[in-house]
Amino acid sequence: MSDLEVFRQETREWLEENCPPSMRSPVIAGEGACWGGRNWIFESEDQQLWMERMGAKGWTAPDWPTEYGGGGLVKAEHKVLKEEMGRIRARSPLDSFGIWMIGPALLKFGSEELKQQHLPPIIRGEIRWCQGYSEPNAGSDLAGLQSKAVDMGDHFIANGQKVWTSYGDKADWMFCLLRTDPEAKKQSGISLMLFDMETPGVTPKPIKLISGSSPFCETFLDDVRVEKDQVVGDVNQGWTIAKYLLTHEREMIGGMGLTGAGSKTLGKIAAQTIGTTDGRLNDLFMRTDVARWEIDAAAFALTVERVTDEAKAGQGIGATSAMLKYYGTELNKRRFETLLKIGGSDDLIWEGDVSNNGWTARTLLRTKGNSIEGGTSEVQLNIIAKNILGLG
Amino acid sequence: MALVLNEEQQMLKESAQGFLSEHAPVAELRAQRDAGSDTGYSSTLWGQMVNMGWAAILVPEEYGGLAFGHVGMAQIVEQSGRTLTASPLLSTAILGVTAINLAGSEDQKTELLGAIAGGELTIALAVDEKIHHDPMQTAMSGEATDDGYVLNGEKRFVVDGSTADKLIVATRTSGSLGDMKGISLFLVDRTAPGVNVQRTQMLDGRNAAIITFKDVEVTADALLGQQDRGFRALSATLDAGNAHLAAELLGIAQESFDRTLQYMKERKQFGALIGSFQALQHRTAHWWSEIEMCKSVVLKVLQSLDEGDVKSPAFVSIAKAKLCEVAELSTNEAIQLHGGIGMTDEYEIGFFIKRARPAQMLFGDYNYHANRFALISGY
Ligand SMILES: Cc1cc2nc3c(=O)[nH]c(=O)nc-3n(C[C@H](O)[C@H](O)[C@H](O)COP(=O)(O)OP(=O)(O)OC[C@H]3O[C@@H](n4cnc5c(N)ncnc54)[C@H](O)[C@@H]3O)c2cc1C
Ligand SMILES: Cc1cc2nc3c(=O)[nH]c(=O)nc-3n(C[C@H](O)[C@H](O)[C@H](O)COP(=O)(O)OP(=O)(O)OC[C@H]3O[C@@H](n4cnc5c(N)ncnc54)[C@H](O)[C@@H]3O)c2cc1C
């Protein structure tokens with residue numbers, strides 16, 4: 001047996017022993033997801049067990065170095081782990097902005113002290129992070145941000161307002177972009193800083209969304225003290241790091257276009273809801289919509305696989321995150337439009353058991369944000385045109 | 001299997017790129033067309049392709065071939081989509097080889113596959129009878145006699161049907177329209193008595209044919225595979241054909257894109273390069289993203305054919321459908337973004353749409369394959 005086959009065998013056995021049966025079903029549109037953190041209330045004992053076991057093994061962050069508590073897996077092993085988890089339909093043990101966003105940025109740009117301080121609690125799901133990028137007047141044009149941090153000698157004092165801070169009211173720490181040099185040209189005077197959300201002067205206020213839930217906040221910063229050692233990279237050099245982090249965010253959001261192993265296909269849902277005659281869906285126009293979506297979804301899933309394999313083989317053009325973000329989120333929006341049509345008028349019912357409290361309608365509304373958050377579709381198209389196609 | 005080319009496949013891609021862009025560029029297609037070529041392709045070029053072993057790529061080693069697989073073959077096909085190279089590669093070296101290899105007797109394989117690999121034999125596959133592809137609707141009759149069969153019926157859109165030495169003909173020997181069972185494949189000489197070939201020059205400048213069979217007598221050994229059980233091999237042959245058509249369409253889409261992108265960096269209007277207009281940038285970025293999707297589905301279907309994956313029919317229909325959609329987008333955007341010059345015969349960009357449409361329609365267009373994919377998926 002090759003090393004990889006041995007690894008697969010061991011992984012399979014370990015998962016068999018350690019993944020509670022109730023954790024072996026897909027998380028659909030966030031339901032049942034585990035976010036961890038100081039304030040997290042576990043949905044079940046199994047959810048806690050699963051997060052803690054995976055965290056202890058470092059498999060919440062499988063490819064991070066073991067010295068910070070990560071799994072230390074090479075790409076091929078990471079792929080095996082994903083396949084083996086997919087095989088038993090194991091859900092993600094931990095969803096985390098720490099793992100998706102600030103962690104990779106710390107690994108690449110952070111000081112040794114920052115890595116030691118922040119990475120282990122992220123991996124174990126003990127600290128939950130939020131992202132303080134957008135401001136009322138700085139959305140797509142992020143570099144136009146105005147919230148600032150002033151150097152007070154042994155610390156900084158931050159003031160300003162952030163907006164659309166996802167889970168700002170639930171998170172423990174924020175990674176935040178702040179202007180540290182008001183004189184410098186837009187991109188050059190920005191720093192990436194970290195602070196505890198319990199620091200005096202930090203006030204997140206939830207904003208209600210069209211879906212009815214309040215996953216994000218406006219966050220006010222009034223004379224917030226930020227320690228000097230909590231600057232990632234150098235002062236005024238935050239823009240490069242912010243962009244690096246955004247590529248990770250995009251890949252994560254683009255992944256929403258993937259239906260996920262084990263969840264029902266649109267075709268199956270349609271067949272069950274609408275019925276078939278001679279193997280064909282009873283509504284032929286619907287059937288066309290579903291087939292079109294399924295074909296595009298298959299193409300997208302294969303593209304995610306291909307660019308990953310190309311990166312592993314050192315081929316390909318890289319810089320594909322903008323394309324995956326654009327395509328994946330537009331696909332996810334179409335998925336829910338099609339689901340709503342399949343579900344019919346019952347799925348328009350906002351509350352009550354018939355529609356599972358308007359699950360499809362609410363999720364459809366939430367997906368509209370997919371092509372806005374992390375950089376809008378238009379911004380992704382700009383990035384492709386300029387950076388990949390060389391159109392000026 | 002990782003969705004990347006291995007080193008040998010990459011090398012073949014590069015050598016095909018070099019050879020075809022030098023010996024068979026789009027100008028060659030124009031020359032063939034303008035000269036009113038009978039064959040629709042250059043025999044000299046085909047000879048060179050045979051010498052490089054391209055006709056032998058799908059032929060198993062024991063029959064004198066290279067057994068290099070579909071991924072390898074498709075590297076050539078994709079390049080020939082970029083250069084719009086006309087040749088018997090699809091009808092002979094892909095469809096002919098696949099059908100004979102799957103259905104043929106030991107004798108047939110020994111004789112025919114060797115001849116194809118050596119460039120001594122060309123083949124055309126005669127399936128369609130109506131204006132839309134639907135192999136289960138095969139109606140042409142094959143009636144058993146004492147010492148063979150008599151064939152009667154009509155086939156259309158037979159690519160290379162006016163030039164091929166032999167035809168592989170799908171006929172109904174039993175059952176009724178719509179049945180899978182009852183279809184048989186026959187090998188028939190194009191020049192056999194009763195075979196009437198009407199050449200139809202297509203919009204891509206290539207040849208197809210409408211072929212009528214009137215009381216065509218063939219001996220029992222003309223049967224390719226078992227009587228009444230030809231559908232499996234036919235279907236697998238069409239799958240291979242569609243996978244390679246998808247690869248060719250990928251080449252067409254990419255070349256249309258590359259040429260247009262280049263043009264956007266040269267053409268000025270309103271005192272600026274047209275590539276600087278955001279309305280065009282977004283269309284182009286979307287178009288590029290769609291082509292990225294195509295690369296993945298094409299590589300996947302080819303690998304699945306090489307691996308004999310049971311899911312390959314689904315991958316075939318995903319790939320062919322997606323490529324039909326994106327080739328249509330690509331060839332249309334190419335003309336539109338070129339403006340008036342894109343409409344001229346003198347400029348090469350207009351040749352791509354003319355090859356794309358027949359390649360899309362051959363063996364099933366978007367609708368055919370979306371329908372097939374839905375059926376395979378249970379809805
Ligand atoms: C659900 C959700 C969660 C979010 N979570 C967070 C978070 O946790 N932290 C955080 O910091 N931010 C978060 N955001 C904010 C998000 O990053 C911004 O909404 C996004 O960058 C767009 O900025 P904006 O809303 O100001 O829109 P604007 O930038 O004002 O854009 C308005 C419209 O103009 C278009 N547009 C703008 N510029 C251009 C251009 N140059 N070319 C073409 N079109 C253009 C846009 O595409 C859009 O359609 C979240 C947003 C959403 C919807
Ligand atoms: C069949 C046909 C018949 C014609 N007949 C006549 C005739 O009888 N008399 C006559 O004088 N002319 C005629 N024309 C010419 C026609 O008016 C021009 O082709 C047309 O105005 C476009 O100009 P162009 O070809 O130079 O393309 P370009 O202007 O070079 O355009 C190339 C591409 O860039 C795009 N583009 C250009 N500027 C912008 C912008 N600012 N923003 C976004 N996109 C832009 C265009 O939409 C196009 O997609 C004819 C053209 C055709 C195809």
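Numbered from 1 within each chain, the chains take letters A, B, ... in sequence-line order.
- Interface remark: A:Glu378 contributes backbone and side-chain atoms alike to the contact with chain B (heavy atom separation under 4.5 Å).
- Counting heavy-atom neighbours within 6.0 Å of A:Met85 CE, excluding the residue itself, gives a total above 12.
- A side-chain donor-acceptor contact under 3.5 Å links B:Glu290 and A:Tyr327.
- A side-chain contact (heavy atoms from CB on, under 4.5 Å) with A:Leu391 is found for exactly one of B:Ile274, B:Leu280, B:Leu273, B:Leu261, namely B:Leu261.
- A cation-pi contact, defined as under 6.0 Å to the ring centre and within 45° of the axis, is absent between A:Arg292 and B:Phe373.
- In this structure a side-chain-to-backbone donor-acceptor pair under 3.5 Å is missing from A:Glu294 to B:Ser377.
- At a 4.5 Å heavy-atom cutoff, the contact between A:Asn382 and chain B is made by backbone and side-chain atoms alike.
- In this structure, chain B has heavy atoms under 4.5 Å from both the backbone and the side chain of A:Val290.
- Residue A:Lys312 does not touch chain B at all, counting heavy-atom pairs closer than 4.5 Å.
- The contact between A:Tyr326 and chain B is made entirely by side chain atoms (from C-beta outward), counting heavy-atom distances below 4.5 Å.
- Annotation: B:Lys311, atom NZ; neighbour count of heavy atoms from other residues, nucleotides and ligands within 6.0 Å does not exceed 12.
- Checked by atom type and distance alone, the side chain of A:Arg287 pairs as donor or acceptor with a backbone atom of B:Tyr379 at under 3.5 Å.
- For the set A:Leu302, A:Asp278, A:Thr277, the entry with the most heavy-atom pairs within less than 4.5 Å of chain B is A:Leu302.
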